[in-house]
Amino acid sequence: MDINRPANVSFFDFVGGVQLLQGEETRTAMPVVLIGICVSGAVGNFLVLLILIRDFRNKRGSEVKVLLSSLASLDLAILLLCAPVRAITYYKQTWTLGSFVCSTTDWFQHSCVVAKTLLLAVTTRAKHTLVPSPNMGPPNIPTWIHGAVAFICVVSMMFPIPQMLFASLVPHARDTICVSKMPACAADFMSLFYKIYPTACYVVPVIFTIAYYTKALHTAVNHAPSPQHQSKVTLVLLCLSGALGLMLLPEWGTFTWIRLGYNKPPVGLIIFAQVMVYACSSFSPVILMTMYDDVRQGLIQIWFIASCRGSKQLPSIKCQKTEGNGAEVGANSVENAIAQEGEKTIPDVEHFWTGRRNTHVEVEQDPVPWEREEKML
C-alpha cells in the first residue's frame with residue numbers, strides 16, 4: 001500500500017478493497033476467505049428467503065417477516081454483488097473493473113448496510129403475528145410496512161452519495177487504482193457530514209433497537225401472561241441487532257477515522273473491518289435458522305420434501321403436504337407407511353378367509369368341522 005495522499009485533498013482512501021498490498025499470502029488468503037463467506041452466506045440467505053416466501057403463500061405472513069425478508073435480500077445483495085468485487089481487488093492488487101464499478105461499489109455497499117440498520121430499528125414497531133381476516137381469507141399485511149421499506153431504501157441510497165461523488169480512478173505507475181479523495185474546499189462541510197452520517201445511520205438506530213428489545217424481553221419474561229412465543233421472537237431480534245451492531249463496529253470506526261482526517265488506521269484493521277461486513281451478512285441467517293421457530297420449522301419441511309423427492313427406495317410413500325411443522329410431516333408419512341404395510345396380507349390366507357365368508361361349505365368339505373359342532377351345541 002505504497003501511496004501518499006495528495007496535498008490538495010483532505011482525505012485519501014481506497015475504494016473496493018485495499019490495493020497495492022505487498023505479499024503473496026494476503027493476495028491468496030483474502031479471496032479464499034471472502035469467497036467462502038460469500039457462498040455460505042448466500043446459501044443461508046436464499047433458504048431464509050425461500051422459507052419466508054413459502055410462509056406468505058401459506059397465509060402465515062406477518063409484519064416482522066416482511067422486514068426479515070427485506071433484510072435477507074439486502075444480505076444476499078451484499079454477498080453476491082459487493083464481496084466478489086473485494087475478492088477480485090485483493091487478488092489483482094489494482095483496479096480492473098472500470099470506472100462505473102469504482103464509483104458505485106462503496107455507495108451500494110453502504111446503502112445496503114444503512115438499510116439493514118434502519119430495518120432492524122423499524123422491527124420495533126412491527127407485529128410478530130397477524131390475525132386472519134373474518135372471511136377466512138389471507139391475513140392483510142398493513143400498507144405502512146411496505147411504505148416503510150420503500151422509504152428506508154430511498155433514504156439509505158441518499159446518505160452515501162458522497163462515496164459516489166468522490167470515487168475516481170487514479171493512474172499508479174503502469175496500473176490503475178480506485179480511490180476516494182475529497183477536495184480541500186469541501187473539508188469543512190464534509191467534516192460535519194461525516195460526524196452526522198455514522199451517528200444517524202448506525203449509532204442511534206443500533207442503541208435504540210438493542211435498548212428496546214432488552215426492555216421488551218424483560219417485560220415479556222416477567223409480566224406477559226403467555227411470554228413463551230413473544231419472548232422467543234424478541235430474543236431473535238435482539239440477537240440480530242446485537243450481532244449487527246458488534247460486527248459493523250470496525251467498519252464504521254475505520255470509515256469515520258479516515259474521513260475525519262486522522263492518521264490512517266492499520267491496514268490489518270481495515271481488512272478485518274471489511275471481512276466483518278460480509279461475515280455479518282452470513283451470520284444473520286444462522287441466527288434465524290437456529291433461534292426463530294418459523295424459519296427452523298420451514299427448513300425442516302424443505303429438507304424433508306427434498307429428501308422425499310430424492311428417495312427411490314420407498315416409491316409408494318408419498319410426501320404429505322401439511323401446514324404444520326416438519327415433525328408433523330414426518331409423523332404423517334410414517335403413519336401412512338404403517339397403514340399401507342398393515343393392509344398387505346398373505347395371498348393364500350386372504351383367499352382362504354374370503355372363501356369362508358362368501359361361499360357355503362358342505363359338512364364333509366368343511367376343513368374345520370369342530371367349529372360347526374361347537375355352534376350346534
Side-chain angles (χ1 to χ4, degrees), residues 41 45 48-49 52 61-82 104-128 141-164 192-216 233-256 259 273 276-285 287-288 292:
N45 283 289
V48 170
L49 268 177
L52 293 176
S62 67
E63 296 176 3
V64 168
K65 288 182 179 180
V66 171
L67 297 175
L68 290 179
S69 60
S70 302
L71 191 67
S73 301
L74 291 170
D75 285 331
L76 201 60
I78 291 174
L79 292 169
L80 295 181
L81 299 179
C82 299
T104 57
T105 178
D106 270 16
W107 166 79
F108 182 76
Q109 178 169 301
H110 264 256
S111 298
C112 294
V113 169
V114 171
K116 284 175 56 178
T117 308
L118 297 180
L119 280 174
L120 281 175
V122 173
T123 57
T124 59
R125 308 303 302 168
K127 295 180 181 179
H128 301 163
I141 298 177
T143 309
W144 77 266
I145 198 69
H146 302 289
V149 172
F151 177 76
I152 287 173
C153 292
V154 172
V155 171
S156 62
M157 287 188 292
M158 293 176 61
F159 266 108
I161 286 180
Q163 271 86 293
M164 184 189 301
L192 177 62
F193 174 79
Y194 283 127
K195 292 176 183 177
I196 297 174
Y197 174 47
T199 303
C201 296
Y202 171 72
V203 177
V204 173
V206 167
I207 292 177
F208 168 75
T209 307
I210 293 177
Y212 177 87
Y213 282 122
T214 302
K215 181 180 178 181
V233 179
T234 304
L235 181 61
V236 171
L237 296 174
L238 176 61
C239 291
L240 282 175
S241 305
L244 181 138
L246 185 62
M247 300 180 80
L248 293 184
L249 180 60
E251 170 66 16
W252 282 106
T254 55
F255 175 85
T256 308
R259 264 66 183 178
M276 291 302 290
V277 172
Y278 308 118
C280 178
S281 297
S282 298
F283 190 62
S284 296
I287 295 176
L288 292 175
Y292 195 24

Which atoms form the tightest heavy-atom contact between A216 and T234, and what is the distance? CB-CG2, 3.9 Å

Look at atom CZ of F283 and say whether more than 12 heavy atoms of other residues, nucleotides or ligands are closer to it than 6.0 Å. no

In Å and rounded to the nearest 0.5 Å, what is the CG to OG distance from L74 to S69? 9.5 Å

Please name the pair of heavy atoms, one in L79 and one in Y278, separated by the smallest distance, quoted to 0.1 Å. CD2-O, 3.7 Å

With rounding to the nearest 0.5 angstrom, report the CG to CG distance, L71 to L118. 11.5 Å

Check: L120 and P205 side chains under 4.5 Å, non-hydrogen atoms: no

So do V203 and W252 actually touch side chain to side chain, heavy atoms under 4.5 Å? no

Rounded distance [0.5 Å steps], CE in M276 versus OG in S282: 11.0 Å

Quick one: are W144 and V122 in side-chain contact, heavy atoms under 4.5 Å? yes

Kindly indicate whether the side chain of S284, heavy atoms from C-beta on, has any atom under 4.5 Å from the side chain of L240. yes

Going by heavy atoms in the side chains, are Y213 and C239 under 4.5 Å from each other? no

Looking at every heavy atom in both G242 and I210, which two are closest together, and how far apart are they? CA-CD1, 4.0 Å

Determine, step by step, whether M157 and W107 satisfy the side chain to side chain contact (heavy atoms under 4.5 Å, CB included) criterion, reporting the C-alpha distance in whole Å, the side-chain angles of both residues, the deciding distance to 0.1 Å, and the verdict. CA-CA 8 Å; M157 287 188 292; W107 166 79; 4.0 Å; yes

Shortest non-hydrogen contact between D75 and K116, atoms and distance: OD1-NZ, 2.8 Å

From CA spacing to verdict: side chain to side chain contact (heavy atoms under 4.5 Å, CB included), Y202, V113: CA-CA 9 Å; Y202 171 72; V113 169; over 6 Å; no

Measuring from S73:OG to N45:CG, what's the distance to the nearest 0.5 Å? 8.5 Å

Nearest heavy-atom contact between F193 and F159 is CZ-O, 3.3 Å

Do you know the tightest heavy-atom contact between L244 and C280? CA-SG, 3.8 Å

Answer whether the closest heavy-atom distance between the side chains of P162 and Y194 falls below 4.5 Å. yes

I need the S241 OG to I207 CD1 distance, nearest 0.5 Å. 12.5 Å

dist Q109:CD -> I78:CD1 (nearest 0.5 Å) comes out at 6.5 Å

If we only count heavy atoms from C-beta on, is the E251 to H110 side-chain gap below 4.5 Å? yes

Validation: residues 148-155 side-chain donor-acceptor distances under 3.5 Å, sequence neighbours left out:
none

Determine the sole option in L68, T209, T124 for which the side chain to side chain contact (heavy atoms under 4.5 Å, CB included) test with L237 is passed. L68

